[in-house]
Each structure stands twice: as structure tokens, then as C-alpha cells.
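First the structure, in the form of C-alpha cells, and then the observations on it.
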Amino acid sequence: MFLATQRTEGISTSDLICKIVRDYDEYIRRNLARGYTRQQLNVGFMKEKELRMKDRFGKLKKQIREMPAKAHEKWSKLEDKSAEMLDKWENKSREFIQGFLRMFSRDGAISGIFKSGKEFVRDAFKMSPEYEGGEESAEEESPTLGSPAGSSSD
């Protein structure tokens with residue numbers, strides 16, 4: 001049934017109807033999201049499912065649009081963390097190499113231990129009565145040591 005109305009200048013009835021119909025889906029979506037049931041809104045089962053699906057697709061589209069920005073942000077954080085990690089590794093490797101060189105270089109701690117060990121052994125032999133005087137005195141004393149007990153060259 002059509003009800004005739006009085007026409008007002010500057011207002012188009014067709015524009016009003018189009019505006020109402022165009023915003024109807026948005027109105028139903030908002031109210032469904034607020035918790036109203038389809039029966040309260042006088043909406044059919046298929047229309048409710050259609051609008052809910054459109055809502056989900058809209059959210060998915062929004063997430064997809066935001067993904068490059070989020071991915072870029074996460075990527076830059078990952079780059080920062082990896083650069084920080086590499087710096088730490090470089091510093092630790094330098095420390096390790098310097099420690100290794102301090103320990104095993106020609107003048108390092110291990111060399112000092114071996115030198116002090118050699119000196120300890122040398123000093124131990126120097127203290128022994130058989131080693132006194134070094135090799136030269138050992139050669140000189142060898143005839144006396146090897147000579148018979150009563151004979152000496154006086």
C-alpha cells in the first residue's frame with residue numbers, strides 16, 4: 001500500500017528511502033554486535049548470518065591491512081635484537097681471544113708457568129751436590145771421582 005504525502009521543495013522522497021535502506025544493514029550490524037537478537041530486530045535467519053559474515057570479513061580485511069605495518073614493526077624489532085646480539089657476541093669473542101692470548105702467548109701465563117717450572121728444575125739441580133759447578137766442573141772432577149780411592153794427583 002502506498003500512502004501519498006505532501007511534497008516538500010528540496011527534499012527528495014527517493015533520496016530519503018535510499019538513505020534509510022543504505023544504512024539499514026549498518027544499523028542491524030551495530031545492534032547485533034550490541035547483543036540484540038535477530039527476533040528483536042525482526043531480521044531473518046539468513047540476513048543475520050549474512051551480516052555477521054560481512055562483519056567477520058571486515059575485521060579480517062582490517063587485520064590484513066594492518067599486517068604490513070605490524071610485520072614491519074616486528075621485523076625492525078628483530079633486526080635491533082639481532083644487531084644487539086651480534087654486538088654482544090663480537091665483544092665476548094674479543095674478550096675470549098684476548099684471554100686466550102694472555103694465557104698462551106709467548107709472555108702469557110702458561111709460558112710463565114713453564115718458565116718458572118724450568119727454573120725450579122734448574123734450581124733444584126743447582127742445589128744438588130753432584131751438579132755444582134755445571135758441566136765444566138763435572139768433567140774436571142770426573143777423573144778424581146773415577147780414580148781409585150787412595151790415589152790423587154797432588
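The analysis underlying the following values was restricted to heavy atoms, covering all of them including side chains, and did not include hydrogens, waters or symmetry mates. Numbers here simply count residues along the sequence, with the first being 1.
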### Query
Which value, rounded to the nearest 0.5 Å, describes the distance between Lys92 atom NZ and Ile97 atom CD1?
13.5 Å
### Query
Would you say the side-chain atoms of Gln40 pair up with the backbone N or O of Thr37, donor to acceptor, closer than 3.5 Å?
yes
### Task
Before giving the answer on side-chain contact (heavy atoms from CB on, under 4.5 Å), spell out for Tyr36 and Val43 the whole-Å C-alpha distance, their side-chain angles and the decisive distance to 0.1 Å.
CA-CA 11 Å; Tyr36 287 97; Val43 176; over 6 Å; no
### Task
Evaluate the side-chain proximity of Arg38 to Ile28: yes if any heavy-atom separation is below 4.5 Å, no if none is.
no
### Query
To the nearest 0.5 Å, what is the distance between CZ (Arg29) and CG (Asp23)?
11.5 Å
### Task
Return the set of residues passing salt bridge (charged side-chain N to carboxylate O under 4.0 Å, His left out) with Lys74 (not counting sequence neighbours), or none when no residue passes.
none
#### Entry: Residue pairs passing the ring-ring contact (aromatic ring centres under 6.0 Å, His included) test where at least one lies in residues 62-102, sequence neighbours excluded
Phe100-Phe104
Considering only distance and modelled atom types, tabulate donor-acceptor pairs under 3.5 Å from the side chains of residues 51-69, sequence neighbours left out.
unit_1: Arg52; atom_1: NE; unit_2: Glu48; atom_2: OE2; d: 3.2
unit_1: Arg52; atom_1: NH2; unit_2: Glu48; atom_2: OE2; d: 3.4
unit_1: Lys54; atom_1: NZ; unit_2: Glu50; atom_2: OE2; d: 3.1

### Value rounded to 0.5 Å, distance of CG in Leu86 from NZ in Lys81
14.5 Å
### Task
State the CD-CG distance between Glu95 and Asn91, to the nearest 0.5 angstrom.
6.5 Å
